[in-house]
Amino acid sequence: NNAYAILRNELKNVGIDNPGTNAIRMLSFDNPAIDWTGIARGFGVPAERVTSMEGFNAALRAGVSQRGPSLIEVAL
C-alpha cells in the first residue's frame, strides 16, 4: 500500500482522524516511489513484481522451488 499504514492507524488511536498533508507525506512511500525489486536484486535476492493473482502464484512457485530468499512485490 506504499505507506506506513500501522502508523496512520496509531494516529487514529490517539484521536487524529484527519492528519495534515505533511503528516501523510511522511507516512507514504510513493514520493519518490521505492523500487523494492531493485533493492532486493541489489542484495542478490531474486525479485519479481506481479500485478495479478496468476502472476503471484507463478512467482510463489518459483520462489519456493529454489534455495534462499526471494521477494514478490504485489501490485494489484
Side-chain angles (χ1 to χ4, degrees):
N1 63 6
N2 289 321
Y4 281 117
I6 193 166
L7 294 180
R8 288 190 75 171
N9 288 333
E10 288 302 317
L11 287 175
K12 288 180 184 179
N13 289 340
V14 297
I16 302 172
D17 291 321
N18 295 310
T21 302
N22 284 337
I24 291 171
R25 281 196 337 228
M26 287 188 291
L27 301 177
S28 299
F29 294 147
D30 59 356
N31 188 18
I34 297 175
D35 182 2
W36 297 108
T37 57
I39 293 169
R41 289 183 189 123
F43 282 97
V45 174
E48 183 174 351
R49 184 175 197 270
V50 299
T51 57
S52 68
M53 285 308 299
E54 293 81 12
F56 174 78
N57 291 335
L60 183 62
R61 279 192 298 276
V64 298
S65 71
Q66 54 192 332
R67 225 181 131 155
S70 63
L71 179 127
I72 304 169
E73 179 183 8
V74 180
L76 298 177

| field | Test side-chain hydrogen bond (donor to acceptor under 3.5 Å, both in side chains) applied to Ser28 - qualifying residues, sequence neighbours left out | value | none
| query | Between atom CD1 of Ile24 and atom CG of Asn31, what is the distance when rounded to the nearest 0.5 Å? | reply | 13.0 Å
| note | Residue pairs passing the side chain to side chain donor-acceptor pair (under 3.5 Å) test with at least one member in residues 65-76, sequence neighbours excluded, are none
| task | Could you list the residues that satisfy side-chain hydrogen bond (donor to acceptor under 3.5 Å, both in side chains) with Asp30, not counting sequence neighbours? | result | none
| field | Common cluster, Ile6/Ile16, ILVMFWY with side-chain heavy-atom separation under 4.5 Å | value | yes
| task | Determine the minimum heavy-atom distance between Ser52 and Gly55, stating which atoms define it. | result | OG-N, 3.0 Å
| note | For Leu76, the side chain to side chain contact (heavy atoms under 4.5 Å, CB included) test, sequence neighbours excluded, returns Met53, Val74
| Distance-minimising heavy-atom pair for Ala59 and Val50 | CB-CG1, 4.0 Å
| remark: Residue pairs meeting ring-ring contact (aromatic ring centres under 6.0 Å, His included), one or both in residues 47-69, sequence neighbours left out, come to none
| message | Suppose the criterion is salt bridge (Lys or Arg N to Asp or Glu O under 4.0 Å): which pairs have a residue in residues 6-15, not counting sequence neighbours? | response | none
N/O donor-acceptor pairs under 3.5 Å from side chains in residues 32-47, not counting sequence neighbours:
residue	atom	partner	partner atom	Å
Asp35	OD1	Thr37	OG1	3.0
Asp35	OD1	Gly38	N	2.9
Arg41	NE	Ala47	O	3.4
Arg41	NH2	Ala47	O	2.7

| request: Kindly write out the residues that satisfy salt bridge (charged side-chain N to carboxylate O under 4.0 Å, His left out) with Glu48, not counting sequence neighbours, or none if the list is empty. | output: none
| Which residues share a side-chain hydrogen bond (donor to acceptor under 3.5 Å, both in side chains) with Asn2, sequence neighbours left out | none
| field | Listed partners of Arg25 passing side-chain hydrogen bond (donor to acceptor under 3.5 Å, both in side chains), at least two apart | value | Asn22
| said: Checking Tyr4 now: which residues fulfil ring pair (Phe, Tyr, Trp, His ring centres under 6.0 Å) with it, not counting sequence neighbours? | reply: Phe29
